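To start, the structure itself, in structure tokens.
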Amino acid sequence: MDFSIRAANVEDCKDIARMIRELAEYEKVADNVRVTQRDLEQDGFSKNPFFHGIVAEVPEQHRTKEGHTKIGYALYFYSYSSWTGRAIYMEDLYVMPEFRGKGIGKALMSKLGLAAGCNQLNFTVLDWNKSSLDFYLSQGCFDITDKMGYHCMRCEGEALEHLAQP
Amino acid sequence: MDFSIRAANVEDCKDIARMIRELAEYEKVADNVRVTQRGHTKIGYALYFYSYSSWTGRAIYMEDLYVMPEFRGKGIGKALMSKVAQLGLAAGCNQLNFTVLDWNKSSLDFYLSQGCFDITDKMGYHCMRCEGEALEHLAQP
């Protein structure tokens, strides 16, 4: 199947917002999505963006029955490892179910791998998500939670406000 | 003990590089850390960057938090982390994320006491990485 991979622009935010909700449903936590199309426009396409996007598109003749031609995306931002330097963090990678198995996910991820000067690509995967885990392992990724014992930690809501008190 | 917390400037990089190495030693061989006092006044640091959650929006990621061993237990680590939280909230962030090694009980206890929680344990998130030859190979079109 013919498809193209390109940098996201601000007009893609409507479809990215749609696919973020689809990904959250896949991860079984659709209620957790608070980010809106407008948030994406402001946070991803202003002077100091918090993230960057990549979109996978198919030609009109392959559009979904709802009429979508933007059928996959990746969100990423630049990060830093104090040991190895510049890195990239892949926040989301998603391809609509009917377009999987055609190399689109790999092509999206491959585009991230080209980011200049970065020598690490980091991301997270849910432990029950075997098909994604198998895909990532096949791409030469490894699990640093299993291998090195890293646990992801978070502080949010009232606890974060309390922590910020001087 | 009197101490101050401030944003780093470029002149701090020498001490930050030193403390990064000290932190790396701690994370690999916790029992064997030896730190000599050679007149350093910069005795702790935090590194952070802005990040993003596609569900909840702007976030802040704390890459490193370190206080030299002889200065621990005095509230300096909390003050550094508090500053990161303040900066995050000021920028519209609603999450502070970081990682901790599973054997690092004293750090884990500290973070839990600050109201943090473990999303690897709670939600099953695993950290994944691609680097070196595998990353170069992945980048092939």
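Only this structure's heavy atoms are used, side chains among them; waters, hydrogens and symmetry mates stay out. A, B, ... follow the sequence lines: proteins, then strands. Residue 1 opens every chain. Treat the numbers as computed from the prediction; the structure is a model and nothing was measured.
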At a 4.5 Å cut-off on heavy atoms, which part of [X] comes close to chain B: side chain, backbone, both, or neither?
X: Asp143(A); result: both
X: Leu40(A); result: both
X: Glu158(A); result: neither
X: Tyr136(A); result: side chain
X: Ala107(A); result: neither
X: Glu91(A); result: side chain
X: Thr84(A); result: neither

If you count the non-hydrogen atoms of other residues, nucleotides and ligands that lie under 6.0 Å from [atom1] in [X], is the total more than 12?
X: His162(A); atom1: NE2; value: no
X: Lys14(A); atom1: NZ; value: no
X: Arg6(B); atom1: CZ; value: yes

Euclidean distance, [Y] [atom2] relative to [X] [atom1], rounded to 0.5 Å:
X: Arg34(A); Y: Ser54(B); atom1: CZ; atom2: OG; answer: 13.0 Å
X: Leu160(A); Y: Leu89(B); atom1: CG; atom2: CG; answer: 4.5 Å
X: Lys83(B); Y: Leu163(A); atom1: NZ; atom2: CG; answer: 13.0 Å
X: Tyr78(A); Y: Ser51(B); atom1: OH; atom2: OG; answer: 15.5 Å

Tell me which of these, [options], has more heavy-atom pairs under 4.5 Å with chain B than the rest.
options: Gln120(A), Glu156(A), Lys147(A); answer: Gln120(A)
options: Thr36(A), Val29(A), Leu112(A); answer: Val29(A)
options: Asp146(A), Asn129(A), Ile20(A), Val125(A); answer: Val125(A)
options: Ile5(A), Asp39(A), Leu133(A), Asn32(A); answer: Asn32(A)
options: Gly149(A), Gly44(A), Gly157(A); answer: Gly149(A)
options: Asn119(A), Leu137(A), Asp43(A), Asn48(A); answer: Asp43(A)

>> Could you tell me if the side chain of Phe98(B) sits less than 4.5 Å from the side chain of His151(A), heavy atoms only?
In response: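 Side-chain contact under 4.5 Å: no.
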>> For a 4.5 angstrom cut-off between non-hydrogen side-chain atoms, does Tyr125(B) reach Leu126(A)?
In response: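 The answer is yes, as the side chains (C-beta and beyond) meet within the 4.5 Å cut-off.
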> So Cys152(A) and Cys127(B), side chain to side chain contact (heavy atoms under 4.5 Å, CB included) or not? Walk me through it.
Replying inline: CA-CA 7 Å; Cys152(A) 307; Cys127(B) 307; 3.2 Å; yes
>> With clusters defined by side-chain heavy atoms of hydrophobic residues (ILVMFWY) lying less than 4.5 Å apart, directly or transitively, does Phe99(A) cluster with Tyr26(A)?
In response: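 Cluster IDs for Tyr26(A) and Phe99(A) match.
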> Are Leu108(A) and Met1(A) joined in one hydrophobic group, where the rule is that I, L, V, M, F, W and Y side chains link up if heavy atoms are under 4.5 Å apart?
Replying inline: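 Same cluster: Leu108(A) reaches Met1(A) through Ile, Leu, Val, Met, Phe, Trp or Tyr contacts under 4.5 Å.
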> Minimum heavy-atom separation for Arg154(A) to Ile119(B), with atom names?
Replying inline: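 Here Arg154(A) and Ile119(B) meet closest at NH2-CD1, 3.4 Å.
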> Closest approach of Ser82(B) and Gln165(A), non-hydrogen atoms and distance?
Replying inline: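 For Ser82(B) versus Gln165(A), the nearest heavy atoms are OG-O, 3.3 Å.
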> Given that the side chain runs from C-beta out, which part of Leu47(B) has a heavy atom under 4.5 Å from chain A: side chain, backbone, both or neither?
Replying inline: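 For Leu47(B), side-chain heavy atoms alone lie under 4.5 Å from chain A.
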> What's the verdict on side chain to side chain contact (heavy atoms under 4.5 Å, CB included) for Phe142(A) and Cys130(B), showing C-alpha distance, side-chain angles and the deciding distance?
Replying inline: CA-CA 7 Å; Phe142(A) 62 97; Cys130(B) 189; over 6 Å; no
>> Please evaluate residues Trp55(B) and Val35(A) with respect to the criterion side chain to side chain contact (heavy atoms under 4.5 Å, CB included), reporting the C-alpha separation (whole Å), side-chain torsions for both, the decisive distance (0.1 Å), and the verdict.
In response: CA-CA 5 Å; Trp55(B) 296 354; Val35(A) 165; 5.6 Å; no
> Would Phe49(B) and Tyr80(A) count as a ring-ring contact (aromatic ring centres under 6.0 Å, His included) if you check the C-alpha gap in whole Å, the side-chain angles of each, and the deciding distance to 0.1 Å?
Replying inline: CA-CA 8 Å; Phe49(B) 49 82; Tyr80(A) 203 76; 7.9 Å; no
> Any idea which of Ala85(B), Gly115(B), Ala139(B) has the most non-hydrogen atom pairs under 4.5 angstrom with chain A?
Replying inline: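 Ranked by contacts with chain A, first place is Ala139(B).
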>> One pair to check against side chain to side chain contact (heavy atoms under 4.5 Å, CB included): Leu96(B) and Met153(A). What are the steps and the verdict?
In response: CA-CA 8 Å; Leu96(B) 165 64; Met153(A) 304 287 290; over 6 Å; no
